[in-house]
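What follows is one structure encoded as structure tokens, with my remarks underneath.
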Amino acid sequence: MTTRWGFLGAGFVAARAMAPAVHAAADAELVCVASREIDRAQALGAVSVTSDYAAVIADPQIDAVYISLTNEAHLMWTLAALNGGKHVLCEKPLTTSAADARAIDAAAQRSGTHVVEALWYRWHPRFQATMEALRDGSLGVIDHIDAEFSFTGVPPGNYRLDPSRGGGAVLDVGPYVVDIALSSVAASAGQAVSQLGIEVDSRMVVHNEAPDGVDMTTRARLLISGVAADVLMSIDSAPAQRLQISGDRGALVWAGGEAFTNWHTASRLERHRDGAIETLDSFPDTDPYQLMVEQFGRTVRGDEPSVMPMSDSVALANVLEQLRAPQS
């Protein structure tokens, strides 16, 4: 059965990644794109375009809605789509607060629909291989995680610099580094993310804020079921993407290609131990967006569970909210 898609938003990610993924995916069709800029919508190759977001939700020909609007609009339109009986794939961050994530979860359960946060790196085979290695005990007992995602050059006027629109580093790149820390500990412990004991060490949260209060860089330590995770999130630092998961049998490292935005680039999963580097697996050029679209379709058809379940998104939103809170 074909999953028939409607898009809300036709920005960079929708145009460069998600629309090509739907066109390339098996059993997917791009039926309609809604954008305030019709020229942008037309460029995505949908059957039809509109400037009316509500019309996409009301269209009986559409099964699933992809939301790539600015962060503050995610809650409103996700709830509207779920209440309209549509399945939802929403760009990260799913929401700007933990309460909103819980509200979305409740709406999905009431409507019998699926909602998935589009943390697309989760669908990359390197992520999957890492989780399998951790479940197999390749590192023994893990004791430390280092994750960093930094970039610079956000243009003036961009929503990332506006606190009222869900701006800041924690919400922009934080979902990646926090999620990999939670996922890694859960896989190693053989537990769901929702079963973990998660604490933000408030003594080790450091914000570098813009004058309007947007966090440009945040460093923090998480304590996840006894495992320390040091995370760095920045939209105002030299570009860097790094992951190292350490245990008593060495460390897993993501190498070759970016750690969290590895798209159409070959990459490796390495184990570092006693000064030696072993390649555990190599991955060819991959489009995780296409894998995400196809797996989402199987989820809504009931063939398999989501790679990013709502319980994980709720746990992630809770940590991000704590990281954004003013520190005493």
Side-chain angles (χ1 to χ4, degrees), residues 1-9 14 18 22 27-34 50 52-120 122-123 165-166 171 175 178-179 182-183 186 191-196 198 292-322 324:
M1 183 179 76
T2 298
T3 302
R4 299 167 298 181
W5 287 88
F7 283 15
L8 304 188
M18 188 65 181
V22 170
D27 302 326
E29 179 185 10
L30 183 51
V31 174
C32 186
V33 175
T50 181
D52 185 354
Y53 296 162
V56 174
I57 294 170
D59 189 340
Q61 299 301 311
I62 290 173
D63 305 307
V65 174
Y66 169 65
I67 298 173
S68 59
L69 306 172
T70 50
N71 295 343
E72 85 286 357
H74 289 182
L75 175 67
M76 172 183 173
W77 289 107
T78 296
L79 290 177
L82 294 173
N83 293 333
K86 307 302 186 189
H87 304 288
V88 173
L89 179 66
C90 180
E91 274 301 329
K92 59 77 194 167
L94 179 62
T95 65
T96 59
S97 76
D100 290 348
R102 293 191 294 270
I104 287 174
D105 188 21
Q109 292 185 45
R110 285 195 304 270
S111 61
T113 52
H114 291 279
V115 58
V116 175
E117 186 173 9
L119 262 176
W120 60 283
R122 271 207 182 200
W123 282 263
R165 304 180 74 189
L171 288 179
V178 173
D179 180 70
L182 300 181
S183 299
Q191 295 180 304
V193 168
S194 59
Q195 296 175 309
L196 299 172
I198 306 167
M292 179 173 65
V293 167
E294 292 173 343
Q295 200 273 331
F296 183 93
R298 295 192 296 272
T299 295
V300 301
R301 292 191 294 270
D303 296 336
E304 59 187 64
S306 173
V307 168
M308 183 74 191
M310 255 316 293
S311 57
D312 287 14
S313 289
V314 171
L316 175 59
N318 185 58
V319 176
L320 297 178
E321 183 174 271
Q322 293 180 64
R324 295 177 73 212

Measuring from atom [atom1] of [X] to atom [atom2] of [Y], what distance do you get when rounded to the nearest 0.5 angstrom?
| X | Y | atom1 | atom2 | result |
| --- | --- | --- | --- | --- |
| D63 | R301 | CG | CZ | 10.0 Å |
| D100 | H74 | CG | NE2 | 12.0 Å |
| I57 | L8 | CD1 | CG | 5.5 Å |
| S68 | L89 | OG | CG | 9.5 Å |
| H114 | L82 | NE2 | CG | 11.0 Å |

What pair of heavy atoms forms the shortest contact from [X] to [Y], and how long is it?
| X | Y | value |
| --- | --- | --- |
| A55 | T50 | CB-OG1, 4.5 Å |
| N318 | A98 | CA-CB, 3.8 Å |
| S306 | Q295 | CA-NE2, 3.9 Å |
| V293 | M18 | CG2-CE, 3.5 Å |
| D52 | A34 | O-CB, 4.0 Å |
| A101 | A317 | CB-CB, 3.7 Å |

Is a salt bridge present between E72 and R165, judged by a nitrogen-to-oxygen distance below 4.0 Å?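 Judged by the 4.0 Å cut-off on N to carboxylate O distance, E72 and R165 do form a salt bridge.
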
salt_bridge(R122, D179) N-O dist < 4.0 Å: yes

Do L119 and L316 pass the side chain to side chain contact (heavy atoms under 4.5 Å, CB included) test, and can you show the C-alpha distance, the side-chain angles, and the key distance before you say yes or no? CA-CA 11 Å; L119 262 176; L316 175 59; 3.8 Å; yes

I'd like to know whether T3 forms a side chain to side chain contact (heavy atoms under 4.5 Å, CB included) with D27, so could you lay out the CA-CA distance, the side-chain angles of the two residues, the decisive distance to 0.1 Å, and finally the verdict. CA-CA 6 Å; T3 302; D27 302 326; 5.9 Å; no

Are the side chains of [Y] and [X] in contact, using a 4.5 Å heavy-atom criterion?
| X | Y | answer |
| --- | --- | --- |
| M76 | L69 | no |
| I67 | T78 | yes |
| I198 | L182 | yes |
| W120 | K92 | no |
| L75 | T96 | no |
| L94 | M310 | yes |
| H87 | V116 | no |
| S194 | V314 | no |

Pair S313-E117, side-chain donor/acceptor within less than 3.5 Å: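 Result is yes, a qualifying pair exists.
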
Does the side chain to side chain contact (heavy atoms under 4.5 Å, CB included) test come out yes or no for T95 and R102, once each step is laid out? CA-CA 10 Å; T95 65; R102 293 191 294 270; over 6 Å; no

Geometric class of the F296/W5 ring pair [parallel <30°, tilted 30-60°, perpendicular >60°]: tilted

Looking at R4 and Q61, would you say the former's side chain and the latter's main chain have a donor-acceptor pair under 3.5 Å? yes

Assess whether side chain to side chain contact (heavy atoms under 4.5 Å, CB included) is satisfied between V56 and I62, documenting all intermediate values. CA-CA 7 Å; V56 174; I62 290 173; 3.6 Å; yes

